[in-house]
Amino acid sequence: MILEELNKAQKEAVTLGASHALVLAGAGSGKTKVLASRLSWLLDTNQTAISSILAVTFTNKAAREMISRVLKMVNIDIRGLWIGTFHGLCHRMLRIHSNEINLSKNFQIIDISDQISLIKQIIKGNNINDLKYQPKDFQRFINSQKENGVRFIDVDINRNHNRYLLDFYKLYEDYCFTHDLVDFSELLLRCYELLKNNDDIRRHYNDKFAHILIDEFQDTNKLQYKWINLIAGKQTSVFAVGDDDQSIYAFRGADIDNMSSFEKTYAKGSVIRLEQNYRSFGNILGAANSLIKYNKGRLGKTLWTEQGKGDPIRVVESSSDIAEAYWLVEEIRGLIRKGVSASDIAVLYRSNMQSRVIEHALFSSNIPYTVYGGLRFFERQEVKHALAYLRLILNPNDDNAWLRVVNFPPRGIGIRTIENHLEIAKSNNLSLMDSAKHVSGRGGVNISLFASLIDDLIINSNKLTLPELIEYTIDRSGLSLYYKSDKDLYDRLENLKELITAATVFSIEEKYDSTPACSFSVNAQVEEEIITTPLIAFLSNASLEASENISVNNNSSVQLMTVHASKGLEFRIVFITGAEEGLFPHENSISEDSGLEEERRLMYVAITRAEERLYISMANSRMLRGQVRYPSRSRFLNEIDANHIQWSKSGGVYDNYPSRSFKDGPNISYNKSSKNTLINIDCNVSSNKGLIVNDKLFLVGQSVNHGRFGEGVIVRLIGSGNSTQAQVNFQKHGMKTLALSVAKLDIKE
DNA sequence: GGTCATTGTTATGGT
DNA sequence: AACAATGACC
């Protein structure tokens with residue numbers, strides 16, 4: 001355990017006594033280090049037993065990171081440590097105490113897409129046909145109520161006049177209760193109610209946990225805050241770490257007020273600020289600081305660094321989204337040529353759809369890349385199908401799972417048959433499984449056959465190991481045959497095999513029965529034991545860790561992700577793309593101040609991911625929903641202090657649709673017949689090829705030094721032979737056009 | 001009554 | 001561009 005490695009503020013936080021504390025930890029200030037050190041210090045100094053610590057992280061990945069850091073600092077058996085996300089921890093408690101809470105032991109967790117399909121099913125089943133509301137609207141309403149701890153009966157009718165959404169909430173709640181389905185916010189709400197209504201259980205946890213450590217506190221919602229209030233006993237100290245400037249999950253109920261509220265009611269006087277940044281160079285921090293100053297009501301902190309200023313931030317304007325992507329390719333190529341590892345480069349974007357164009361450019365240029373959070377393994381349709389069969393094994397009455405796979409692969413059960421069946425089930429108040437034998441006609445026979453298929457799976461589930469059962473299910477259901485039948489579907493079959501592998505790994509790791517929760521507590525009144533089966537554990541894990549990227553991570557690939565997904569990560573070189581009004585800030589957010597401030601925090605998060613070099617790029621035209629738009633530059637670019645920025649324009653000759661030509665750029669002619677190819681333009685611009693003059697190779701985008709004008713970046717290379725010129729954007733002297741044969745231009749680095 | 005092909009629609013972020 | 005809804009054909 002090495003305290004010497006910590007700075008003064010960090011050390012103070014790590015070695016705080018047993019009191020509540022709020023650590024305001026700026027980006028790159030060693031937040032994770034402080035949390036892991038705090039945990040290790042508590043253990044190392046024998047102040048606390050491992051089973052008396054509760055650590056809450058934002059993602060499962062962060063939990064693993066924390067564990068590995070702790071293990072490096074103290075040599076200790078970490079079984080018995082309660083660590084995980086709010087959802088994971090609540091889930092564990094619900095499994096432990098399923099007897100106390102009117103919930104079947106086989107209860108299933110549904111993720112957002114399951115939730116949407118369930119909502120659609122309820123809409124159909126109840127003949128709700130008001131077009132004013134879409135499934136997403138219901139989903140949003142329900143989740144936001146739950147995230148505030150509000151059940152249907154708790155809704156204040158007088159305050160909430162939207163009877164329509166409210167009635168639906170009731171229908172949804174009833175359905176979930178009777179079918180043992182638990183959505184994400186329900187995990188928290190149920191656990192909250194468990195603690196609230198059971199004095200014994202609450203007291204048990206109050207006494208058990210001496211220390212609660214919470215990471216990313218700025219992204220907790222109201223219900224999570226209330227949950228912490230309940231689980232923390234009189235002797236418990238709550239150590240919360242967060243950064244109000246990095247709160248970017250308001251859409252999911254995160255309440256930034258939790259921080260100031262916590263400061264006032266818990267951490268009176270014990271607020272520690274971590275402001276020294278170890279991640280980024282001065283220009284990057286300066287940009288971040290100057291931007292975030294535009295937000296109001298901040299708790300306040302200013303990052304500083306002992307490192308130098310570093311490179312200015314390169315802001316690059318391209319003619320189109322496609323031009324942006326190809327500029328990106330060239331820039332990344334240049335970096336890799338200089339010896340930068342591809343995995344040190346991150347490309348960030350505001351919304352997932354932006355990745356398409358970028359991926360296309362990278363792919364056709366043979367630059368390896370990994371997309372994070374794009375295609376999640378457990379959200380692939382073939383995996384979802386297989387999971388639906390597995391869910392029916394546990395709970396044959398799961399109508400939603402039933403409907404998903406009753407005719408997949410196709411087995412002669414059409415819409416009319418299903419409508420019939422739904423009608424029969426409804427009028428007899430039975431599940432689809434229980435009424436399967438009562439459907440008439442040819443379709444009815446097929447329904448009965450499907451029901452016996454499920455029966456067969458259930459019987460075999462008692463005989464087979466988890467991986468065997470999954471393999472059996474995939475074969476017996478016909479999924480395997482279906483995906484084998486077509487070459488185009490081969491990938492999907494591979495994913496199903498991957499699912500079996502995942503189950504094998506899962507079984508070996510025995511996550512389900514070696515979790516710390518299995519240890520018995522000293523307090524005999526409440527036994528912390530999870531009674532569960534591998535299948536239940538596997539399905540829960542699939543829902544809760546849906547974001548896990550099962551595909552092999554290529555270590556030498558460029559990292560592509562949304563800004564949200566980049567939170568907590570850092571990269572030597574970061575590209576922020578699409579810095580345009582309507583996209584970043586997103587148009588759905590600009591009508592309200594709070595929305596705009598969150599977008600600004602999002603940009604702040606994006607900027608502070610960069611260690612050495614930051615690019616921010618924008619396009620003057622962008623294809624959106626099949627139409628070309630001409631956005632203006634993001635207001636955030638104007639808010640960043642100009643002295644940290646170096647502006648330039650990309651070559652911009654890749655195009656496949658018209659774009660406004662930029663002010664002093666070439667006139668671009670485009671060719672509609674060719675897609676994404678370099679278009680010959682009648683203009684003396686050689687954009688990416690580079691020019692060799694006096695044995696020096698000049699490239700667009702290159703940093704250069706000039707005896708009189710100082711530092712700048714080459715924006716254009718003009719001409720060939722003896723009359724070659726470079727248009728250079730100088731940091732201090734602006735745009736100059738220089739003859740390369742005469743001007744004393746030195747290439748930096 | 002079931003399946004396949006076409007048309008129409010619509011789009012932040014994700015434990 | 002991805003997905004749901006609709007219509008033509010088996």
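Heavy atoms only: backbone and side chains are in, while hydrogens, waters and symmetry mates are out. So that the names make sense, note that chain A is the first sequence line, chain B the second, and so on, each numbered from 1.
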Within the distance-only criterion (no hydrogens, no angle test), does the side chain of A:S589 pair as donor or acceptor with the backbone N or O of A:E599 below 3.5 angstrom?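 Here the side-chain-to-backbone pair does not exist.
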
Can you tell me if A:R404 uses its side chain to pair, donor with acceptor, with the backbone of A:N400 under 3.5 Å?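 Side chain of A:R404 to backbone of A:N400, a donor-acceptor pair under 3.5 Å: no, none is there.
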
Can you check the [X] [atom1] to [N] [atom2] distance for me, whole Å?
X: A:I110; N: B:dG14; atom1: CD1; atom2: C1'; result: 15 Å
X: A:I123; N: C:dA4; atom1: CD1; atom2: P; result: 13 Å
X: A:L624; N: B:dT12; atom1: CG; atom2: P; result: 10 Å
X: A:L348; N: B:dG13; atom1: CG; atom2: C1'; result: 14 Å
X: A:Q115; N: B:dT15; atom1: CD; atom2: C1'; result: 12 Å
X: A:H586; N: B:dG14; atom1: NE2; atom2: C1'; result: 15 Å
X: A:I576; N: B:dT12; atom1: CD1; atom2: C1'; result: 17 Å
X: A:I112; N: B:dG14; atom1: CD1; atom2: P; result: 9 Å

Does the aromatic ring of A:F251 sit over the six-membered base ring of B:dG13, closer than 5.5 Å centre to centre and tilted less than 30°?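 Whether judged by distance or by angle, A:F251 passes, so it stacks on the base of B:dG13.
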
Restricting to ring-ring contact (aromatic ring centres under 6.0 Å, His included), what partner residues turn up for A:F168, sequence neighbours left out?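 With sequence neighbours excluded, A:F168 shows a ring-ring contact (aromatic ring centres under 6.0 Å, His included) to A:F138, given in chain and number order.
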
Are OP1 or OP2 of B:dT15 and a side-chain N or O of A:K61 less than 4.0 angstrom apart?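 It does not, given that no N or O in the side chain of A:K61 lies less than 4.0 Å from OP1 or OP2 of B:dT15.
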
A:N143 vs B:dT15: side-chain N/O to OP1/OP2 distance below 4.0 Å: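 So the side-chain polar atoms of A:N143 never come under 4.0 Å of the phosphate oxygens OP1 or OP2 of B:dT15.
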
Go through it in stages, so that I can follow the logic: the residues are A:E216 and A:Q218, the test is side-chain hydrogen bond (donor to acceptor under 3.5 Å, both in side chains), and I'd like the CA-CA distance, side-chain angles, deciding distance and then a yes or no. CA-CA 5 Å; A:E216 307 281 11; A:Q218 76 282 356; 2.8 Å; yes

Qualifying residue, where the test is side chain to side chain donor-acceptor pair (under 3.5 Å) with A:K567 and the options are A:T562, A:T608, A:D219: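 Among A:T562, A:T608, A:D219, the one that satisfies the side chain to side chain donor-acceptor pair (under 3.5 Å) with A:K567 is A:D219.
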
As a test of reading the structure: which of B:dT15, B:dA11, B:dT12 is closest to the side chain of A:Q134, going by heavy atoms?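 The listed nucleotide nearest to A:Q134's side chain is B:dA11.
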
Scan [X] against the nucleic acid and name what it touches under 4.0 Å (heavy atoms): base, sugar-phosphate only, or nothing.
X: A:F58; answer: sugar-phosphate
X: A:K567; answer: nothing
X: A:R629; answer: nothing

Could a donor-acceptor pair under 3.5 angstrom be found where the side chain of A:R601 meets the base of B:dG13?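 Side chain to base: no pair below 3.5 Å.
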
Protein-to-nucleotide contact annotation, 5' to 3' order, nucleotides 1-9 of chain B [B base; S sugar-phosphate only; - none; under 4.0 Å, heavy atom]: SSS------

Between A:R356 and A:K124, which residue's closest nucleotide on DNA chain C lies nearer the 5′ terminus?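 Per heavy-atom nearest nucleotide, the more 5' residue is A:R356.
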
Any chance CZ of A:R151 has more than 12 other-residue heavy atoms, nucleotides or ligands included, within less than 6.0 Å?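 Yes.
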
Under the side-chain contact (heavy atoms from CB on, under 4.5 Å) test, residues paired with A:V56 that sit two or more places apart: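 Result, side-chain contact (heavy atoms from CB on, under 4.5 Å) vs A:V56: A:L54, A:F86, A:L89, A:I214.
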
